[in-house]
Amino acid sequence: MNVTNQISFEQTRITDGFWAKKQKLNEEVTAKAVYDRFSDTHRFDALSCKPLSEHPGWEPHIFWDSDIAKWLEGVAYILTMHENEELRTLAEKAISDILNAQTQEGYFNSYYQVKEQENRFRIRNNHELYCAGHLMEAAVAHYKATGERYFLDAMCRYADYIYQIFVTEQSAEFVTCGHPEIELALVRLYDATGTEKYLELANFFVDQRGNNKKDAAIYDDEPRYAQDHLPLREQTTAEGHSVRAMYIYSAMADLAKKNADEALFMACKKIFENATQKRMYITGALGSTHIGEAFTFDYDLPNRTAYAETCASIAMTFFAQRMLALEPDAKYSDVIERDLYNGILSGWSLDGKSFFYENPLEIDPYLANRITATKTKEHLPIMERVEVFDCSCCPPNLVRFIASVGNFLYSEQEETLFVHQYMSAETKTEKGTIVQETNYPNDGVITITVPDGYRRAAVRIPGWCREFSLNLPYEMKNGYAYINISGETQIQLTLELEVRLYASNLQVQENAGKVAVGYGPIIYCIEEKDNGPLLKSIYLEKKPEFKREYCEVCGVQILKTRAKRLIPQDGLYYDAEDAMEEIPLTLIPYFAFANRGASEMIVWIHKLM
């Protein structure tokens with residue numbers, strides 16, 4: 001391990017450009033939109049834990065507390081940057097309701113306190129510890145944003161009670177949570193308080209997963225679903241429910257760093273390699289099937305039925321960031337960037353009000369209509385974003401993620417500054433203020449002013465970049481250009497942005513003969529709205545030439561080229577011919593698809609050979 005320390009978003013202000021606009025949209029539109037829909041669906045009402053007789057017509061759900069907790073965490077991150085009285089007031093009301101309903105021993109769960117008091121810590125897959133973990137993360141964020149301890153102290157009492165039940169008494173009906181998350185939350189609680197018990201509890205849950213006789217499989221008798229098939233240190237492949245997987249892998253990486261645990265580190269490396277090289281979509285998305293919202297097997301990456309949950313992409317960035325803290329290698333920051341601009345943003349509408357849970361790489365409204373007409377049971381993702389889901393974990397996850405995106409910019413190791421991502425920002429450190437200026441990803445010119453105190457800067461060269469230039473001498477290592485510096489230094493990096501065509505491993509058979517189009521970190525798609533129906537009849541030229549055009553709505557470039565389309569014939573079947581017509585073709589960023597109504601869409605496009 002070659003450990004580095006993350007420079008927190010709390011020290012960073014995104015000043016301009018693509019991500020500044022996204023953060024503004026998140027604060028001014030998305031945070032309140034999520035609040036409103038959660039209010040409509042009684043999620044906030046449930047926090048008071050009033051008896052069912054006092055609110056006929058609705059009941060709390062097992063994971064509602066986690067939805068609220070992620071929203072609270074996101075609001076705390078927004079308040080860390082600057083004051084927003086409306087969001088602060090709404091958040092404080094929710095926190096007050098939680099604290100007033102919390103039991104004397106420290107327990108809080110709006111579902112169990114109202115519906116199943118007798119079943120506390122008896123049903124492994126009912127998200128009890130998952131909800132608790134998200135509340136702990138929210139409390140840490142609130143404490144850092146406000147300096148007030150009341151929410152943090154309340155969640156410390158909850159963590160103390162969980163320790164009592166699971167470690168001291170061992171009186172719960174299970175040992176580890178069916179949905180991992182509390183493990184990484186406990187590490188954060190330890191970091192905020194210094195209380196060793198919380199780190200011990202995190203270690204306990206990680207050590208016991210797949211390593212005890214009390215936990216039963218929770219989905220279709222398949223222990224892989226909850227990463228239970230082996231002790232975590234023995235696992236080598238990304239398995240099961242993709243969000244659960246990435247959360248437990250994140251905790252493993254956290255503990256590998258805290259404990260200098262080489263076995264955990266090596267398990268994480270093998271899992272990361274398998275996930276990203278054999279089980280990840282080109283958009284950075286994870287999860288090949290709706291059955292268990294899960295990984296399946298190597299190279300099984302269907303486009304039309306891709307589950308590709310937004311939360312899985314967010315969780316992958318958490319895992320990759322933690323791996324980056326264990327060894328500075330661009331393969332981790334490249335995955336973060338791939339998800340930043342593709343797998344995560346696709347879950348969020350351009351107007352900030354609606355969301356995708358699933359993010360397919362192909363949409364066919366005609367097939368969807370046929371399935372409806374014939375009443376077949378094939379699962380297809382929805383074709384337009386909605387404002388709230390029954391399982392609405394993704395919207396508040398986006399709120400907290402966008403608000404804290406500055407977390408991914410930098411880390412440091414003694415006198416070395418690592419530059420991982422590119423966005424205009426000012427970051428205050430003990431050594432001075434780091435200033436980054438760029439119009440990335442719309443151009444590749446990046447200026448970084450490094451303050452006196454650092455003696456070396458390591459600047460990531462993205463994997464998609466074939467050519468770059470630096471104004472100072474450098475040495476390449478693991479995808480980073482290492483530059484020796486003295487005193488305040490201005491680094492100018494120019495990444496040559498170009499359109500690239502990507503092919504799949506031949507074992508991803510449905511992509512054979514097709515390419516995906518990328519420009520810088522962004523993956524593109526084509527939609528019926530721009531190019532007419534029957535997109536699979538379109539072929540890119542052997543050597544296509546692309547023109548770029550800035551799209552104000554998208555905030556990035558769209559691409560235009562000439563392509564060929566098969567000329568349709570009247571008969572059902574006919575002699576095969578090479579008859580094609582030339583057409584203009586417009587490609588939009590994948591993250592912008594389905595913002596103009598239901599429309600055919602594909603990422604993988606046929607290409608003439």
*Does the side chain of Ser392 come under 3.5 Å of the side chain of Asp67 through a donor N or O and an acceptor N or O?*
no
*Would you say the side-chain atoms of Glu358 pair up with the backbone N or O of Ala308, donor to acceptor, closer than 3.5 Å?*
no
_One thing to verify: whether Arg455 and Asp452 come together as a salt bridge, which I'm taking to mean a side-chain N less than 4.0 angstrom from a carboxylate O._
yes
*Could you tell me how the ring of Phe389 sits relative to the ring of Tyr357: parallel (under 30°), tilted (30 to 60°) or perpendicular (over 60°)?*
perpendicular
*Do any N or O atoms from the side chain of Glu527 and from the backbone of Ala594 form a donor-acceptor pair under 3.5 angstrom?*
yes
*Atom pair CG (Leu79) and CG (Leu72), whose distance is rounded to the nearest 0.5 Å*: 10.5 Å
*Are the side chain of Asn595 and the backbone N or O of Phe593 linked by a donor-acceptor pair below 3.5 Å?*
yes
*Validation row: Arg460, Gln421 side chains within 4.5 angstrom (heavy atoms)*: yes
*Would a 4.5 Å heavy-atom cut-off, applied to side chains only, mark Thr489 and Leu472 as touching?*
yes
_For the backbone of Tyr550 and the side chain of Gln557, can you confirm whether one donor and one acceptor N or O come within less than 3.5 Å of each other?_
yes
*ring pair (Phe, Tyr, Trp, His ring centres under 6.0 Å) evaluation trace for Tyr524 with Phe546*: CA-CA 12 Å; Tyr524 284 74; Phe546 293 89; 8.7 Å; no
Tell me which donor-acceptor pairs under 3.5 Å the side chains of residues 502-509 have, and how far apart each pair is, sequence neighbours excluded?
residue : atom : partner : partner atom : Å
Ser504  : OG   : Asn511  : ND2          : 2.9
Asn505  : OD1  : Gln507  : N            : 2.8

*Between Tyr474 and Phe468, is the ring centre distance below 6.0 Å?*
yes
*Stepwise, does the salt bridge (charged side-chain N to carboxylate O under 4.0 Å, His left out) test hold for Asp530 with Arg596?*
CA-CA 10 Å; Asp530 302 303; Arg596 299 173 290 180; 2.8 Å; yes
_Within the supplied structure, the quantity of interest is the number of heavy atoms (other residues, nucleotides, ligands) at a distance under 6.0 Å from Lys529 NZ; does it exceed 12?_
yes
*Rounded to the nearest 0.5 Å, what separation is found between the OG1 atom of Thr586 and the NZ atom of Lys560?*
4.5 Å
*To the nearest 0.5 angstrom, please state how far the CD atom of Glu239 sits from the CZ atom of Arg244.*
15.0 Å
*Reported CD-to-CG distance for the pair Gln490 and Asn471, which is rounded to 0.5 angstrom*: 7.5 Å
*Nearest 0.5 Å, what's the CD-CG distance between Glu293 and Leu286?*
13.0 Å
_Quick check on the 6.0 Å ring-centre criterion: do Phe401 and Phe408 meet it?_
yes
*Between Trp464 (side chain) and Tyr519 (backbone), is there a donor-acceptor pair under 3.5 Å?*
no
*Thr310 side-chain N/O to Ile344 backbone N/O, donor-acceptor pair under 3.5 Å*: no
*Kindly check if the number of other-residue, nucleotide or ligand heavy atoms within 6.0 Å of CD (Glu467) is above 12?*
no
*For Ile78, does its backbone N or O pair with a side-chain atom of Glu27 as donor and acceptor, under 3.5 Å?*
no
*Are Gln436 and Tyr410 linked by a side-chain donor-acceptor pair shorter than 3.5 Å?*
yes
*Check against side-chain contact (heavy atoms from CB on, under 4.5 Å), Leu409 and Ile7*: CA-CA 8 Å; Leu409 275 172; Ile7 296 177; over 6 Å; no
*Closest approach of Glu510 and Pro302, non-hydrogen atoms and distance?*
OE1-CA, 3.4 Å
*asked:* Can you tell me how the ring of His179 sits relative to the ring of Tyr247, calling it parallel under 30°, perpendicular over 60° and tilted otherwise?
replied: tilted
_N-O pairing of Glu327 and Lys269 below 4.0 Å_ = yes
*Considering only heavy atoms from C-beta outward, does the side chain of Leu501 approach that of Val517 to under 4.5 Å?*
yes
*Tell me, do Lys431 and Leu417 make a side-chain contact under 4.5 Å, heavy atoms counted?*
no
*Measure from the ring center of Phe272 to the ring center of Tyr332 and say whether it is less than 6.0 Å.*
yes
_Sub-4.5 Å side-chain heavy-atom contact between Phe355 and Val34_ = yes
_Test item: Thr438 side-chain N/O and Val445 main-chain N/O as donor-acceptor pair under 3.5 Å_ = yes
*Glu412-Tyr454 side chain donor-acceptor pair, cut-off 3.5 Å*: yes
_side chain to side chain donor-acceptor pair (under 3.5 Å) between Ser313 and Asp339, intermediate numbers included_ = CA-CA 6 Å; Ser313 287; Asp339 270 312; 3.0 Å; yes
*Heavy-atom pair with the smallest gap, counting every atom of Leu497 and Pro441*: CD1-O, 3.7 Å
*Nearest atoms (heavy-atom pairs only) where Leu87 meets Asn84*: N-OD1, 3.0 Å
*Quick one: are Phe319 and Cys268 in side-chain contact, heavy atoms under 4.5 Å?*
yes
_Shortest non-hydrogen contact between Ala245 and Phe295, atoms and distance_ = CB-CE1, 4.0 Å
*Side chains of Ser599 and Met601: closer than 4.5 Å at any heavy-atom pair?*
no
*How are the rings of Tyr480 and Phe418 set relative to one another: parallel (under 30°), tilted (30 to 60°) or perpendicular (over 60°)?*
perpendicular
*So do Arg456 and Glu414 actually touch side chain to side chain, heavy atoms under 4.5 Å?*
no
*Ion pair check, Glu73 and Arg188, cut-off under 4.0 Å*: yes
*Please step through side-chain contact (heavy atoms from CB on, under 4.5 Å) for the pair Leu345 and Ile402, ending with a clear verdict.*
CA-CA 9 Å; Leu345 284 186; Ile402 300 298; 4.3 Å; yes
*Candidate pair Ile271 and Met252, rule side-chain contact (heavy atoms from CB on, under 4.5 Å), full reasoning*: CA-CA 11 Å; Ile271 290 166; Met252 290 166 63; 4.2 Å; yes
*asked:* Is it true that, when you exclude Lys607 itself, more than 12 heavy atoms of the residues, nucleotides or ligands shown sit nearer than 6.0 Å to its NZ?
replied: yes
*Distance from Ser250 atom OG to Gln321 atom CD, nearest 0.5 Å?*
9.0 Å
_Single hit among Tyr590, Phe591, Trp19 for ring pair (Phe, Tyr, Trp, His ring centres under 6.0 Å) with Tyr341_ = Trp19
*Under 3.5 Å donor-acceptor, Glu309 side chain and Val243 backbone*: no
*If every non-hydrogen atom of Arg500 is compared with every non-hydrogen atom of Cys465, which pair is closest and at what distance?*
NH1-N, 4.3 Å
*Under a 4.0 Å N-O cut-off, is there an ion pair linking Lys258 with Asp191?*
yes
*asked:* When you compare the side chains of Ser346 and Asn359, does any donor N or O come within less than 3.5 Å of an acceptor on the partner?
replied: yes
*Are any side-chain N or O atoms of Glu426 and backbone N or O atoms of Val435, one a donor and one an acceptor, separated by less than 3.5 Å?*
no
*asked:* Run Met280 and Val335 through side-chain contact (heavy atoms from CB on, under 4.5 Å) and show every step you take.
replied: CA-CA 10 Å; Met280 185 177 78; Val335 167; 4.3 Å; yes
